Amino acid sequence: MRFKNDFVSPSLLVIWAEGFLSRLSFGIISFALPLFAYKRLGLSLTQTGFLFSLNLIAEQLFKPMMGWVADRAGLKRAFTLAIALRSVVALLLAFAVAPWQVYAIRFFHGFTESLRDPSVNALIAENAKKKSVASAFAWYSTAKMSAGSLGKALAGLLLAMTVENFSTVFLVAFALSLAPLIAVARYLNEPEDHAVAREDESFDPGEGSDGKQPALFPVAVLGFLIASAALMLSNLFPLLATEYAKLSPAQAGLIYIIAPLITILSGPMFGWLSDNVSRKLVLMVRGVANTFSSVMFFFFPTFVGMAAGNAVDAMGKAAFRPAWGALMAQFARLDRRRRARTMSYLSLGEGLGETLGPLLGGFLWSAWGVGAMLGVRVGLAVIGEIYALIIARPVGGGEREQDVSVAPSS
C-alpha cells in the first residue's frame with residue numbers, strides 16, 4: 001500500500017533502512033581495508049590511495065550504462081541486484097591474500113555501485129514529496145553516514161578483539177550486508193508510474209517538454225570540485241589517525257562514534273534548510289567543513305584534534321548530500337522515463353571527484369607529506385566555493401533563491 005499524502009512512504013522507510021544497514025557493513029570495510037592493504041599486503045600510501053580509487057574508476061566507467069539498465073529493467077530490480085552483488089564483495093575480501101585479488105575485488109565493487117547509485121537516487125526522488133526531496137535525501141544520508149561511522153568504530157574494536165584478524169572482520173561485514181538485501185527484496189515497491197524506455201531511445205539527459213536540455217555539465221563540475229576535496233582524505237583517515245597522529249586502531253575507531261551524533265542532529269536540519277531556505281547556501285557548507293577539518297588535522301594531531309576535525313567533516317557531508325540529491329532530482333523529473341540515466345550523468349562529476357580525490361591524496365602524502373595533502377585539500381575547497389557562487393543564480397524571476405541552477409541549452 002502507498003500512502004501518497006504522508007511525508008514518509010513505506011518504500012522510503014525501506015530505502016532508509018537499506019542505507020543504514022548497508023553502510024554499517026561497508027563502514028567496517030572502509031576502516032579495515034586500508035590497514036589490511038598497508039600492513040598486511042605491503043602496499044605503499046600511493047598504492048593504497050589507488051586501491052580506493054579503483055572501485056570509483058570502475059563505477060564511473062559503467063554508471064551511464066547502468067543508469068540505462070535501471071530505467072529499462074525497473075528501479076527495484078536493479079537496486080536489489082546491486083545490493084546482492086555488493087554482498088559478494090565483502091565475502092571475497094575475507095579470502096583475499098594477494099594485492100591483485102584485492103584490486104580485482106575493488107573493481108567489482110565499483111561495478112556494483114554503478115548499478116546501485118542511479119537506481120537508489122531515482123527511487124528516493126520518486127518516493128519523496130516534491131517539496132521535501134532534500135529532506136528525504138537528508139534522512140537517507142543521515143542513516144548512511146551514522147551507520148558508516150558506527151561501522152568504522154566497530155571495525156576498530158573488532159581488530160583489537162581479534163588481534164587484527166582481518167578475515168574475521170570482513171566476514172562480519174558480509175553477514176551484516178545480507179540484512180539490507182532481505183529488506184529491499186521483500187518490502188520495497190516499484191514506483192507505480194514506472195515507464196520503460198524503448199530500445200531505440202538514445203540518451204538525452206533531462207530534455208523537457210519545451211525541447212531544451214538543461215546544461216548538466218556545469219553542475220557536474222560543481223559535484224567534481226566538492227567531492228574531490230571531501231573524499232581526498234576520507235579513505236585515508238584511518239592511516240592519518242594511526243600513522244600521523246599516532247593513535248591506536250581502537251582510538252581511531254572511537255573517533256567515529258562522535259560523527260553519528262553530529263549527523264543525526266545536523267542532517268535533517270540541512271535538509272529542511274535546503275527545501276525551505278537556500279540550497280546554494282547548504283551546498284557551500286561542505287567547502288567550509290573541508291577547510292576547517294584540514295586545519296585541525298594538521299595543527300592538532302591528537303585524539304581531540306582528530307575527533308573535532310572528523311566531526312566537522314561529518315557535518316559537511318550532512319549538508320552536502322541532501323542538497324546535491326535534491327538538485328539531481330530536479331533535473332531527473334524533467335524526463336521520468338530516463339530518470340536513472342539523468343541521475344547517473346549528473347553524479348558522474350561527483351564520482352570522478354571521489355575517484356581522483358583519494359589517489360591525489362595518497363600521492364601528495366607520499367611525495368611531499370601530510371601538509372601538502374591538506375593544503376591542496378583546502379585549495380580545492382576554496383575553488384569549489386567560488387565556482388558555486390559563479391554558476392548559482394535564483395530560479396524564477398523575483399522568487400527567493402532556491403537552488404543552484406543553470407540555463408537550458410538551446
Side-chain angles (χ1 to χ4, degrees), residues 26-56 93 96 99 102-103 105-106 109 148-149 151-160 162-166 169-170 173 228-259 290 293-314 317 354-378:
F26 277 81
I28 294 175
I29 293 175
S30 295
F31 185 91
L33 186 56
L35 299 177
F36 175 67
Y38 185 73
K39 293 185 175 182
R40 294 296 173 86
L41 299 182
L43 300 185
S44 67
L45 289 173
T46 301
Q47 291 172 325
T48 301
F50 177 70
L51 177 65
F52 277 89
S53 295
L54 185 59
N55 74 303
L56 295 168
L93 283 173
V102 177
Y103 282 122
I105 293 169
R106 290 293 290 180
H109 184 191
S149 296
K152 291 172 182 177
L154 178 59
L157 295 175
L158 287 172
L159 287 172
T162 62
V163 195
E164 298 192 357
N165 187 326
F166 289 96
V169 173
F170 291 140
S228 59
L231 271 294
M232 181 183 294
L233 190 58
S234 180
N235 292 322
L236 293 175
F237 181 78
L239 288 176
L240 187 72
T242 57
E243 299 299 317
Y244 178 66
K246 305 302 181 184
L247 304 182
S248 68
Q251 288 176 313
L254 287 175
I255 289 177
Y256 288 103
I257 295 178
I258 302 172
N290 288 343
S293 62
S294 297
V295 172
M296 292 297 296
F297 293 148
F298 183 73
F299 289 104
F300 303 96
T302 63
F303 178 82
V304 174
M306 303 299 285
N310 190 63
V312 172
D313 250 359
K317 293 177 183 177
E354 293 177 348
T355 302
L356 297 177
L359 184 60
L360 178 61
F363 170 75
L364 291 172
W365 187 350
S366 297
W368 294 289
V370 171
M373 175 184 66
L374 295 177
V376 171
R377 186 173 187 249
V378 171

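What you see is a predicted model; the values in this text were computed from it and never measured. Starting from 1, each residue takes its place in the sequence as its number.
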> What distance separates Asn165 CG from Leu159 CG, expressed to the nearest 0.5 Å?
9.0 Å
> Applying ring pair (Phe, Tyr, Trp, His ring centres under 6.0 Å), name anything that partners Phe36, two or more places apart in sequence or on another chain.
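So Phe36 forms a ring pair (Phe, Tyr, Trp, His ring centres under 6.0 Å) with Phe166, Phe170.
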> What's the shortest heavy-atom distance between Ala307 and Ile255, and which atoms?
CA-CG2, 3.7 Å
> Any side-chain to backbone donor/acceptor pair from Arg377 onto Gly357? Under 3.5 Å, distance only.
no
> How long is the gap from CG on Leu233 to CG on Asp313, to the nearest 0.5 Å?
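That separation rounds to 7.0 Å.
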> I'd like to know if the side chain of Arg106 and the backbone of Leu54 have a donor-acceptor N/O pair within less than 3.5 Å.
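Not a single qualifying donor-acceptor pair exists.
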> Is the side chain of Ser293 donor-acceptor paired with the backbone N or O of Asn290 at a distance under 3.5 Å, no angle test?
yes
> Under 4.5 Å between any side-chain heavy atoms of Trp368 and Phe363, yes or no?
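In contact.
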> Provide the closest heavy-atom pair for Ala37 versus Thr48 in the form atom of the first, atom of the second, distance.
CB-OG1, 4.4 Å
> So, taking the atom named CE in Met373 and the one named CG in Leu360, what distance separates them when rounded to the nearest 0.5 Å?
9.5 Å
> Would you say Val169 and Phe31 make side-chain contact, with heavy atoms under 4.5 Å?
no
> Applying side chain to side chain donor-acceptor pair (under 3.5 Å), name anything that partners Thr302, two or more places apart in sequence or on another chain.
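Side chain to side chain donor-acceptor pair (under 3.5 Å) check on Thr302 returns nothing, list empty.
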> Compile the donor-acceptor pairs under 3.5 Å between side chains in residues 236-244 and protein atoms, sequence neighbours left out, one pair per line.
from: Thr242; atom 1: OG1; to: Pro238; atom 2: O; distance (Å): 2.8
from: Tyr244; atom 1: OH; to: Phe298; atom 2: O; distance (Å): 3.0

